[in-house]
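Report on the following structure.
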Amino acid sequence: MIDPKIIKENQGLVKEMLANRSMDFPLDVLINADKQRRDLIVELQRVKHQKNTLSKEISARKKKNENASTIIHEMGKIGTEIKRLEEESKSNEELFSKHIRSLPNFFHETVPLGKDENDNKITREYNGKQNFLKKPTEGIEKSGILQMKNHIDLANGLGLIDLERAGKISGSRFYFLKNEMVKLSMALSNFAIDYLIKEGYTVVQPPFMIRRDAMEGAVILSDFEETIYKIENEDLYMIGTSEHPLASMHMNEILNGKNLPVRYGGISTCFRKEAGAHGKDMKGLFRVHQFEKVEQFVFCKPEDSWKEHERLLQITEKFYEILEIPFRTIILCSGDLGKVSAKTYDIEGWFPAQNTYREICSCSNCTDYQARSLRIRYRDNPNDETTLVHTLNSTLVAIQRTLVAILENYQTSNGTIIVPEALKKYMGDTDEIGK
RNA sequence: GCGGGGGUCGCCUAGCCUGGUAGGGCGUGGGAUUGCUAAUCCCAUGUUCGCAAGAACUCGUGGGUUCGAAUCCCACUCCCCGCGCCA
């Protein structure tokens with residue numbers, strides 16, 4: 001969350017930010033709740049002070065063996081008053097906390113202002129070698145336009161997936177991977193992990209389920225309903241990405257500033273309801289309830305976070321250059337930016353069968369937004385004052401989505417799939433699937 | 001899963017049985033004093049609200065009992081030891 005003090009001190013700034021994010025937000029409700037919250041604190045403190053004073057008096061009298069029954073009677077009344085104020089305070093706190101936690105992060109000055117995704121700016125394009133792009137255009141011809149096979153037809157043709165049976169036992173947006181697809185998926189994971197180790201990351205396999213308090217710090221409230229699965233009768237939630245456990249990993253800790261930045265490479269299965277995406281990408285592996293992902297997560301000092309952000313992007317872009325998957329990098333405009341993020345780059349891979357770029361990576365600087373809810377601070381020396389760290393995250397590779405990109409970009413006119421050069425050593429003898 | 005032990009204001013620790021302002025040590029910061037490579041003493045040392053004076057909170061977390069809870073009761077949680085189960 002953002003610093004609650006800002007509600008009292010600079011409402012104009014918040015108002016402006018909300019407008020630039022094209023967000024409808026009940027700011028008045030929040031401002032009132034904040035005012036009420038502080039009034040209640042003062043009132044409650046006043047009554048508690050009375051209580052403490054009388055309590056001391058009782059103690060003093062008892063020691064001297066004097067009668068304290070009138071004061072004890074008085075205390076009873078104060079007790080009810082405290083109870084009443086506490087209840088009022090609790091419901092006010094709930095209202096305040098709900099709204100303050102939904103308030104999005106302030107964004108960086110380099111974020112272009114804009115209304116929605118149409119105002120995002122392209123910062124880079126990479127076209128790969130396009131060796132394989134040319135071949136499939138010799139492929140299937142349909143109404144005079146040369147068409148490529150989509151990943152579902154390709155994978156079905158080669159016996160690499162079974163979507164029907166997955167639907168039978170689990171419903172839509174699930175899949176069985178089979179044969180070389182399993183190997184390819186693991187090859188991609190292994191390659192990604194080796195790549196991050198080479199870049200100096202600490203690789204981590206986190207818990208796939210975490211408690212509510214840990215999840216709440218990493219995630220914005222509305223995401224609970226739309227994306228996060230809950231385990232029935234347990235205080236456990238399925239992670240939507242390893243970003244969640246990686247962020248909360250250091251919750252309530254004071255990190256040693258000398259160890260920063262800390263760079264983690266998380267690998268996990270990710271679980272998402274996709275409740276807000278009805279009808280979108282219903283077929284295939286592109287948008288699914290369960291997928292693997294290798295994620296980068298950085299804790300750093302505030303003064304380093306923008307440098308770290310560029311570094312994350314550069315490392316991620318290089319990964320797709322090595323895989324020779326065409327992509328473009330865009331910077332999200334203020335209206336399209338995620339609530340937690342102060343600045344986000346998306347990398348969009350080229351999906352030739354859809355004849356379009358689609359998001360495959362998202363690279364964000366969340367500044368102190370997550371760190372504040374999770375209380376993650378640092379200091380250089382044991383008795384220094386503590387400062388909130390900045391957190392950043394970036395997809396390195398979302399395995400299933402990238403498998404789709406590989407299938408489509410590396411397909412041949414024979415319906416086979418060339419294995420990307422960088423993955424060959426992880427694929428044993430297979431250098432072309434279906435040959 | 002069962003049994004036992006534990007979690008105290010940065011770190012260590014007393015207090016819990018027997019309810020009445022959370023005490024000491026270490027570390028750190030500031031100050032004082034003394035002619036010795038240093039010692040000794042004093043003050044401060046978390047969070048929140050408040051312009052401030054000040055006040056409230058803080059003994060793993062949340063409830064309960066009580067005029068009053070670190071202390072008594074209940075639930076949860078984490079750590080340690082033993083047993084059980086298990087890829």
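What you see is a predicted model, and the numbers here were worked out from it, not measured in a lab. Numbered from 1 within each chain, the chains take letters A, B, ... in sequence-line order.
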Inter-nucleotide [atom1] distance ([N], [M]), Å rounded:
N	M	atom1	answer
rG30(B)	rG23(B)	P	26 Å
rU58(B)	rG10(B)	P	15 Å
rC78(B)	rC73(B)	P	22 Å
rA69(B)	rU61(B)	P	15 Å
rA52(B)	rG60(B)	C1'	36 Å
rC72(B)	rC17(B)	P	5 Å
rG35(B)	rU40(B)	C1'	15 Å
rA22(B)	rC9(B)	C1'	9 Å

For this session: Before giving the answer on salt bridge (charged side-chain N to carboxylate O under 4.0 Å, His left out), spell out for R263(A) and E308(A) the whole-Å C-alpha distance, their side-chain angles and the decisive distance to 0.1 Å.
Result: CA-CA 10 Å; R263(A) 302 191 183 99; E308(A) 285 292 327; 2.7 Å; yes
For this session: Can you spot which of V389(A), T387(A), T367(A) makes a side chain to side chain contact (heavy atoms under 4.5 Å, CB included) with P302(A)?
Result: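 Single pass found, and it is T387(A).
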Problem set entry | Partner of T344(A) by side chain to side chain donor-acceptor pair (under 3.5 Å), out of S394(A), S362(A), S364(A) |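 Only match with T344(A) under side chain to side chain donor-acceptor pair (under 3.5 Å): S364(A).
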Exercise. Looking at H250(A), E295(A), Q296(A), which hits side chain to side chain donor-acceptor pair (under 3.5 Å) with Y264(A)?
Worked result: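 Considering H250(A), E295(A), Q296(A), a side chain to side chain donor-acceptor pair (under 3.5 Å) with Y264(A) is found only for H250(A).
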For this session: By nearest nucleotide on RNA chain B, pick out whichever of K90(A) and N52(A) is the more 5' one.
Result: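 Between the two, 5'-proximity favours N52(A).
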For this session: Check every strand shown and say whether D235(A) touches a base, only sugar-phosphate, or nothing at a heavy-atom separation below 4.0 Å.
Result: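 Contact class for D235(A): none.
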Write out a two-atom table: protein N or O, nucleotide N or O from nucleotides 74-80 of chain B, distance below 3.5 Å.
unit_1  : atom_1 : unit_2  : atom_2 : d
rU77(B) : O3'    : R211(A) : NH2    : 2.6
rC78(B) : OP1    : R211(A) : NH2    : 2.7

Exercise. For N252(A) and rG60(B), is the shortest distance between a side-chain N/O and OP1 or OP2 below 4.0 Å?
Worked result: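 For rG60(B), OP1/OP2 do not have a side-chain N/O of N252(A) under 4.0 Å.
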For this session: Return one dot-bracket line describing RNA chain B 5' to 3' (Watson-Crick or G-U wobble pairs, both distances under 3.5 Å; ( ) same strand, [ ] crossing, | another strand, . none).
Result: ((((((((.[[[[.)....(..]]]]((((((.......))))))((((....))))..[[[[[..)....]]]]])))))))....
Under 3.5 Å between N/O atoms: give me all the protein pairs with nucleotides 85-87 of chain B, atom names plus distance.
none

Set out, line by line, the N/O atom pairs under 3.5 Å between protein and nucleotides 67-73 of chain B.
none

Problem set entry | Residues which pass salt bridge (Lys or Arg N to Asp or Glu O under 4.0 Å) with E43(A), listed by chain and number, not counting sequence neighbours |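 Residues passing salt bridge (Lys or Arg N to Asp or Glu O under 4.0 Å) with E43(A): R46(A).
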Exercise. Among F319(A), Y201(A), Y320(A), Y426(A), which residue meets the ring-ring contact (aromatic ring centres under 6.0 Å, His included) test with Y195(A)?
Worked result: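 In the set F319(A), Y201(A), Y320(A), Y426(A), the residue that makes a ring-ring contact (aromatic ring centres under 6.0 Å, His included) with Y195(A) is F319(A).
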Exercise. What nucleotide, of rG10(B), rU65(B), rC57(B), holds the atom closest to the side chain of R379(A)?
Worked result: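 Closest nucleotide to the R379(A) side chain: rG10(B).
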Give me, pair by pair, the N or O atoms of the protein and of nucleotides 47-51 of chain B that are less than 3.5 Å apart, along with how far apart they are.
unit_1  : atom_1 : unit_2 : atom_2 : d
rG50(B) : OP1    : K8(A)  : NZ     : 3.4
rG50(B) : OP1    : R38(A) : NH1    : 2.9
rG50(B) : OP2    : K8(A)  : NZ     : 3.4

